[in-house]
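Below is one structure, written out as structure tokens; comments come after it.
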Amino acid sequence: MKKKAHPNSDLAIINRWLMPVVACVLGLGLVALPARLGAQPVPMPIVPLIVIYLWAMFRPSAWAGLVIFCLGLAHDLLTFGPLGVWTAIYLITFATVAGLRRAVLGRPAVTLWAVFALVAVIVAGLAKALGWLAGVEPSERLLALQLLFTVLLYPPVAFLLRPVQATSMEFHREDPL
Amino acid sequence: MRRHGLWASLKPLLGPISNGVFVLLILVAVILILDDHREDRSIIRGAFDDAVVPVMDVIAAPFRGLRAVLSDLDGYTEILNKNRNLKEENARLKQWYARAQAQASLLRRYEALLNLKLDPPVDTIAARVVTESGGPFVRAKLTNIGAAHDVRRGQAVITEHGLLGRVVDVGQNSSRIILLTDTASRVPVMVARTDARGMLNGDLTPAPRLDLIRGADMVRQGDMILTSGDGLLMPRGVPVGQAYTARDGSWRVRLFTDRGPGDFVKILKSTDFAAPPETKDGEEVPLLTPAAPIPANPTPRFDTPAPEPTPLPEELEILNQPTPGPRPQAAPSAQPVPDPAPNAVAPGEGPTPEPVLGPMP
């Protein structure tokens with residue numbers, strides 16, 4: 001039987017911190033890519049949202065907030081969007097998912113995917129509301145497309161991030177969040 | 001394990017602290033949202049863009065290539081449909097070209113005679129687009145030149161097809177261009193056919209909305225839209241796009257810049273199109289500027305051949321025939337100016353333009 005990594009071992013730290021952060025940074029690079037189809041810009045999937053969802057679901061951490069704050073700020077700056085919108089969305093998503101994870105953990109992967117789709121709908125509402133706060137009305141069509149692509153991309157990203165999801169329940173019970 | 005024991009003893013404390021940190025961070029984010037004005041954070045955004053440009057330049061390179069290929073393919077599919085139209089248009093344009101040649105020839109003679117300095121050219125800086133934001137909140141491009149190359153906020157940006165947008169944020173070696181389709185874009189425009197004024201408002205759709213056109217029949221389907229120069233931030237007459245009616249009945253403009261990938265842009269160096277151009281020592285140049293003083297009794301130089309006039313089509317030989325009334329003189333280098341006049345020609349004394357050709361179709 002495969003031995004599980006101890007919470008404070010190097011492997012656990014890589015799974016808990018390094019992997020989600022690296023995945024988020026790569027995802028941000030994807031969001032900022034200049035994809036176009038003819039004259040129309042093609043919205044790229046928000047991979048960091050998937051990573052943050054998995055991170056909050058399986059490896060929530062007390063200080064993840066600071067990292068997520070920086071990632072959100074980088075998203076806003078990279079896309080030249082209103083400063084703070086994606087920062088707040090990422091933080092709220094993380095906090096919400098981390099709060100609800102006990103009700104979802106242990107269920108089939110499809111259920112996790114369905115919950116992520118629900119989270120995407122909440123994110124759409126948040127983006128609309130925060131955009132209104134910032135005085136920038138987002139394009140509903142593009143926002144919907146972007147989140148749809150993100151939901152569709154969930155299975156392969158979740159598959160690639162299996163180490164983040166390989167958890168011990170004891171470890172979760174000790175988690176501060 | 002010691003480390004684990006210390007961690008375990010800290011955990012009960014970390015719960016409330018981490019919750020507090022989260023709430024604090026969310027509050028900071030909301031404050032950022034409420035306080036954000038995209039064009040007023042040049043220091044943060046400029047520094048970030050400077051750092052990002054080399055990275056995105058590498059990451060986005062394959063996408064730029066792919067986009068250029070797709071753009072070409074897109075063009076090929078339209079070739080068959082356009083070919084027929086182009087042939088008809090070409091026949092019409094040949095007539096126009098001939099007439100324009102005749103007018104240009106006449107204009108050159110007038111300019112030489114009056115020494116008018118018309119519409120001085122604006123200096124431009126070429127830039128390469130590194131990446132582009134196409135998300136739900138913004139339409140912007142990031143270029144690889146900035147304050148180090150004399151780029152400033154507010155400068156207009158064009159491509160070979162027309163107006164693209166304006167600079168909103170400048171780093172040392174990067175600058176952000178907000179496109180005409182962004183919600184923050186408001187550009188005063190006019191209809192080329194009627195001179196009717198309007199405002200082009202971006203709303204994150206591919207074709208920005210044309211507002212404030214007044215009067216009946218001021219704008220028609222297919223009318224060319226140009227910058228009006230109102231507000232003095234942009235030059236007058238830069239092509240923007242073609243007007244069309246959207247499904248909701250609003251007027252929109254199909255942008256000319258959508259005809260190409262827009263990977264290379266030109267930034268107009270001036271931001272004030274009200275003041276006349278300045279000389280190097282800061283002295284203003286009057287609009288009526290003598291290019292060179294005309295000598296009182298110029299001696300014709302027969303040793304240098306006169307410049308070859310642009311050959312005119314046969315049907316325009318009428319220009320070479322004498323017409324009633326005063327005709328414009330030839331270029332000063334070819335023939336002497338009989339009147340020892342001062343630098344500029346006074347109104348009424350100069351040659352009166354004669355309608356050489358009938359009204360254009």
Side-chain angles (χ1 to χ4, degrees), chain A residues 6-8 29 31-44 46 61-66 68-69 72-74 76-92 94-95 127 130-131 133-146 174-177, chain B residues 1 3-4 7-8 11-12 14-15 17-19 21-22 25-26 28-36 38 41 44-45 48-49 52 55-56 59-60 63-64 67 70-71 74 129-142 168-169 176 178 183-184 203-206 255 258-259 261:
Chain A
H6 189 274
N8 289 324
V31 169
L33 279 179
R36 282 176 84 96
L37 203 62
Q40 300 274 346
V42 177
M44 298 301 276
I46 315 164
S61 162
W63 302 104
L66 283 170
I68 289 166
F69 182 86
L73 214 55
D76 290 328
L77 288 168
L78 259 180
T79 56
F80 201 65
L83 218 54
V85 167
W86 283 106
T87 316
I89 289 172
Y90 284 172
L91 284 168
I92 293 170
F94 190 93
L130 294 172
L133 259 185
V136 182
E137 186 81 6
S139 162
E140 287 168 8
R141 193 183 67 86
L142 282 181
L143 188 63
L145 268 178
Q146 196 169 28
E174 288 175 8
D175 273 340
L177 274 170
Chain B
M1 190 184 282
R3 202 169 148 210
H4 186 243
W7 180 242
K11 284 217 166 176
L14 283 174
I17 291 173
S18 67
N19 291 341
V21 168
F22 250 96
L25 289 172
I26 291 171
V28 172
V30 171
I31 289 167
L32 280 174
I33 293 168
L34 291 172
D35 190 42
D36 184 44
R38 276 187 286 176
R41 287 197 189 277
I44 303 172
R45 288 192 188 274
F48 187 84
D49 288 347
V52 155
V55 181
M56 286 312 296
I59 294 175
F63 269 74
R64 281 200 300 273
R67 212 168 60 198
L70 284 175
S71 175
D74 204 28
V129 173
V130 173
T131 188
E132 181 178 351
S133 308
F137 287 101
V138 72
R139 291 284 173 280
K141 291 190 181 214
L142 181 65
V168 286
D169 195 41
R176 283 269 178 192
I178 209 151
T183 48
D203 57 358
L204 295 171
T205 59
L255 299 173
D258 286 345
R259 291 177 177 175

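Order of the sequence lines fixes the chain letters, A, B, ..., with proteins taken first and strands second; residue numbering starts at 1 for each chain. Given the structure is predicted, the values throughout are model-derived calculations rather than measurements.
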Looking at [options], which has the largest count of heavy-atom pairs under 4.5 Å with chain B?
options	result
A:Ile89, A:Leu78, A:Leu145	A:Leu78
A:Val85, A:Leu91, A:Leu130	A:Leu91
A:Ala144, A:Ala74, A:Gly29, A:Gly72	A:Ala74

Portion of B:Asp49 that has a non-hydrogen atom of chain A nearer than 4.5 angstrom: side chain
Which heavy atom of [X] sits nearest to which heavy atom of [Y], and what is that distance?
X	Y	result
B:Ile33	A:Ala88	CD1-CB, 4.2 Å
A:Leu77	B:Arg176	O-NH2, 3.3 Å
B:Val28	A:Phe69	CG1-CZ, 3.5 Å

Donor-acceptor under 3.5 Å (B:Thr131 side chain, A:Ala32 main chain): yes
Check: A:Leu142 and B:Leu204 side chains under 4.5 Å, non-hydrogen atoms: no
Student check: side-chain heavy atoms of A:Thr87 and B:Leu25 closer than 4.5 Å: no
Greatest number of heavy atom pairs closer than 4.5 Å to chain A - which of B:Ala140, B:Ala29, B:Pro136: B:Pro136
Segment of A:Leu73 engaging chain B (4.5 angstrom heavy-atom cut-off): side chain
Under 4.5 Å from any heavy atom of chain B - which part of A:Glu140: neither
Euclidean distance, B:Leu32 CG relative to A:Asp76 CG, rounded to 0.5 Å: 8.5 Å
Ring-ring centroid check B:Phe137 A:Phe80, cutoff 6.0 Å: no
